Amino acid sequence: MEEFYNSLRDVPLEPARDPRYVALSSRPDLQMTDPVAELRRVITWNRRQTRSAQLLSGFRGTGKSTELRRLRSELRAMGMVVVLADIEEYLNTSVPIDVPDFLMFLAGAFGEALIADGALTAGDIGEGFWGRIAAFIQRIEAREATISGKVEPAVHGTKLGEVGGELKLGLKEDTTFRARLQKRMAGHIGALHAEVEKYLTEVVAKVRAKHKPDTQVVFLVDSIEHIRGTFTTANEVQSSIESLFFGQYDKLRLSGLHVVYTVPPWLKVRHAQVGSLYDGCQMLTAIKVTEKADGTPFAPGIQAFEAVMNARGDWNRLLGDHARFVTLVEKSGGHLRDVLRLFIDVVVGADALPVTGPNFKRALSKLKNEMLPIADEHAVWMAHIRRTQRASLELASQLPDLARFLDTHQVLAYRNGDEWYDIHPLIADEVEAQALDVIKRSGS
Amino acid sequence: MSAADFEADWTQLRRHLQYATDFWLGVVCASDIAAVNELRTRALALLPTQTRAAMVRVPATPEELVETLMWLDRDDVREAALVWVEAIYVTEAWRRGWETFFLRGNERRERWRRRLTGGLVVVGPPDLKVWMREAAPDLWSVRILVVELRVEPRESPQAPEAPVPEVAVRESRGRRRRRATRSRRTRTSSGRSSAGAGATPRPRSGG
């Protein structure tokens with residue numbers, strides 16, 4: 001039991017060498033496109049262009065980080081140099097993001113990831129990016145001081161290493177510093193972009209000099225979808241992401257690089273055509289496990305999760321019969337993290353094998369209770385999403401709420417042919433009843 | 001809440017403690033300190049043979065709760081088999097304290113997942129799960145245990161019967177062996193090792 005429990009833990013897997021990995025989205029019977037295959041195709045077909053930018057939108061817990069690792073592994077097998085960076089290691093994800101800090105993060109993280117992966121050494125790269133860009137900022141400040149008098153410097157050090165360290169740390173830890181830097185660089189985005197491009201071109205040339213002259217270099221940028229404000233800044237932060245990926249998309253195609261950015265799922269809700277600005281836009285969703293029309297089990301979805309659970313342990317011994325397995329998968333809404341979580345709850349609640357009926361039901365009601373209570377106005381909205389199967393927004397100010405529904409799995413997205421939305425099956429009845437009650441009350 | 005419900009909740013917590021060989025996150029929502037005391041006492045008693053610490057933190061003020069974020073970075077906390085953070089007060093100041101804790105915790109969750117080697121259990125008032133869900137959806141999404149101790153609410157929760165700012169207990173030899181095996185596996189697979197992994201931390205008493 002202990003072994004089964006630990007095999008159910010939800011952590012990013014290395015698909016190439018972890019026997020627990022099952023490629024769900026590449027199963028043809030699920031009628032889904034395989035996002036990794038699509039991303040890979042664009043990169044391999046764009047070899048001559050040597051630059052591309054794609055988006056990967058992933059719902060929390062659908063295996064996005066694992067699929068990014070799968071992409072890395074497949075592209076490496078084709079001889080490409082592929083590095084992955086996590087934005088959370090460089091930027092505070094609860095404050096608005098702007099082009100200057102994002103470009104600085106990209107260039108700094110790219111160089112460091114190449115060194116960490118052994119594609120280049122620190123000696124190969126030479127002058128580090130952080131020192132170089134800090135010196136660039138100081139040059140701009142000196143010029144501004146000449147024109148308009150005294151300028152409060154963003155970075156204070158005098159040696160390259162010193163100012164570079166100050167800049168990197170300030171971006172991550174000091175929100176005042178970051179706001180000042182954003183303001184200072186607002187009028188110099190073109191020059192900063194050129195400086196970043198110049199640096200990236202040089203680094204990519206070094207990679208090719210060390211590997212092969214036609215080596216393709218791929219940069220996977222993870223966790224951008226984790227950028228989120230606080231209760232008071234949510235709208236401001238989300239606007240900044242929209243403005244970056246919708247308004248400044250041209251700055252995100254980087255010299256000599258194929259880049260994949262993970263973005264929040266709500267970006268497509270707000271801008272349905274955002275994908276057309278990039279070379280591709282893929283989405284990882286929940287797996288369809290029931291028919292949209294009548295709610296009956298969708299056999300290929302159930303079978304896909306059987307493959308997932310077979311790779312994790314002896315679920316049959318735990319549950320005792322296949323009907324319970326189907327119930328568990330249906331009630332998860334086809335969301336991988338929730339399937340694993342439901343199994344964990346059954347494992348820790350089992351007093352005997354197979355698990356008794358009351359303990360099985362208890363696991364289901366536990367996860368359901370965790371998603372409740374729901375505010376009346378949200379229940380009405382969710383019921384509307386269920387009826388229309390669309391996650392449309394009446395007001396832009398509602399975006400943080402929708403983002404939270406998606407983040408907490410209260411609303412799930414599916415993609416088989418069309419893209420559609422539904423309430424999590426564990427709370428669907430409860431939400432519909434609550435919405436009906438609210439409507440009745442407001443009508444009386 | 002019936003005794004049977006309490007026992008079922010305890011069984012779930014106990015099994016997470018017994019089975020988990022790595023970081024896990026649990027949430028306990030409660031309004032009755034007696035039930036929380038019982039749950040904490042049983043959890044600590046489960047790690048009886050004094051080899052690896054379980055750390056308990058009961059902040060006296062909302063500010064101390066927020067400072068707990070720094071406390072969680074300490075090496076002895078990192079090595080603990082169980083980290084228990086408890087504050088079940090229901091005033092507005094405490095609500096804001098928990099919100100700050102979760103907002104910052106949301107940013108630190110990957111760090112916790114990488115660094116902490118046992119269970120992190122946060123214990124707060126009945127609305128804790130809503131506050132966490134709203135303020136820290138990423139952190140919320142990695143929880144694997146939510147216990148809701150449903151007891152008749154009181155107007156204001158009692159203070160803990162006996163103050164337990166930090167205590168240390170240790171884990172069983174079997175658990176230690178499993179963890180050592182895992183640590184060796186980690187070293188083998190990643191080529192890196194964490195200095196001090198498996199070391200016995202100093203038992204702590206007092207704040």
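Within every chain, numbering begins at 1; the chains are lettered A, B, ... in the order of the sequence lines, protein sequences first and strands thereafter. All of these numbers come straight from a predicted model, not from anything done at the bench.
For A:Ala363, no part lies under 4.5 angstrom from a heavy atom of chain B. With a 4.5 Å cut-off on non-hydrogen atoms, B:Arg109 touches chain A through its side chain but not through its backbone. Residue contact with chain B, scored on non-hydrogen atoms closer than 4.5 Å, is absent for A:Asn359. The parts of B:Val146 that come within reach of chain A are both its backbone and its side chain, each placing non-hydrogen atoms under 4.5 angstrom from that chain. For A:Glu88, the part lying under 4.5 angstrom from a heavy atom of chain B is the side chain only. For a residue to count as touching a neighbouring chain, one of its non-hydrogen atoms must lie under 4.5 Å from one of that chain's; by this rule B:Ala8 touches chain A with backbone and side chain alike. Both the backbone and the side chain of B:Ile144 come within less than 4.5 Å of a heavy atom of chain A. With a threshold of 4.5 angstrom between heavy atoms, A:Pro373 approaches chain B through its backbone and through its side chain. The part of A:Gln410 that comes within reach of chain B is its side chain, from C-beta onward, which places non-hydrogen atoms under 4.5 angstrom from that chain. With a threshold of 4.5 angstrom between heavy atoms, A:Glu3 does not approach chain B through any atom at all.
Between A:Glu370 and B:Arg143, the closest side-chain pair of non-hydrogen atoms falls below 4.5 Å. Taking 4.5 Å as the limit, every side-chain heavy atom of B:Asn106 sits out of range of all side-chain heavy atoms of A:His226. Counting only heavy atoms from C-beta outward, the side chains of B:Leu145 and A:Val348 never approach each other to under 4.5 Å.
Residues from residues 335-343 of chain A that place a non-hydrogen atom less than 4.5 Å from a non-hydrogen atom of chain B comprise A:Arg337, A:Arg341, given in numerical order.
Evaluation of the side-chain contact (heavy atoms from CB on, under 4.5 Å) rule for A:Asn6 yields A:Glu2, A:Arg9, B:Thr21 as partners, not counting sequence neighbours. Residues that satisfy the side-chain contact (heavy atoms from CB on, under 4.5 Å) test with A:Asn92, not counting sequence neighbours, are A:Ser94, A:Val95, A:Thr175, A:Arg178, B:Glu107. Shown here are the side-chain contact (heavy atoms from CB on, under 4.5 Å) partners of A:Leu372, two or more places apart in sequence or in another chain: A:Lys368, A:Ile374, A:Ile427, A:Glu430.
In this structure, CE in A:Met371 is found 9.0 Å from CZ in B:Arg133, a value given to the nearest 0.5 Å. Taken from OG1 in A:Thr408 to CD in B:Glu134, the straight-line distance is 8.0 Å, to the nearest 0.5 Å.
Nearest heavy-atom pair across A:Ile344 and B:His16 is CG2-CE1, 3.7 Å. Between B:Arg15 and A:Asp351, the shortest heavy-atom distance links the atoms NH2-OD1, 3.1 Å. Of all heavy-atom pairs between A:Arg362 and B:Asp5, the closest is NH2-O, 4.0 Å.
Chain A forms more heavy-atom pairs under 4.5 Å with one residue of B:Arg14, B:Arg111, B:Glu99, B:Glu110 than with any other, namely B:Glu99.
Around atom NZ of A:Lys64, more than 12 heavy atoms belonging to other residues, nucleotides or ligands sit under 6.0 Å away. Atom CZ of A:Arg317 is surrounded by 12 or fewer heavy atoms from other residues, nucleotides or ligands within 6.0 Å.
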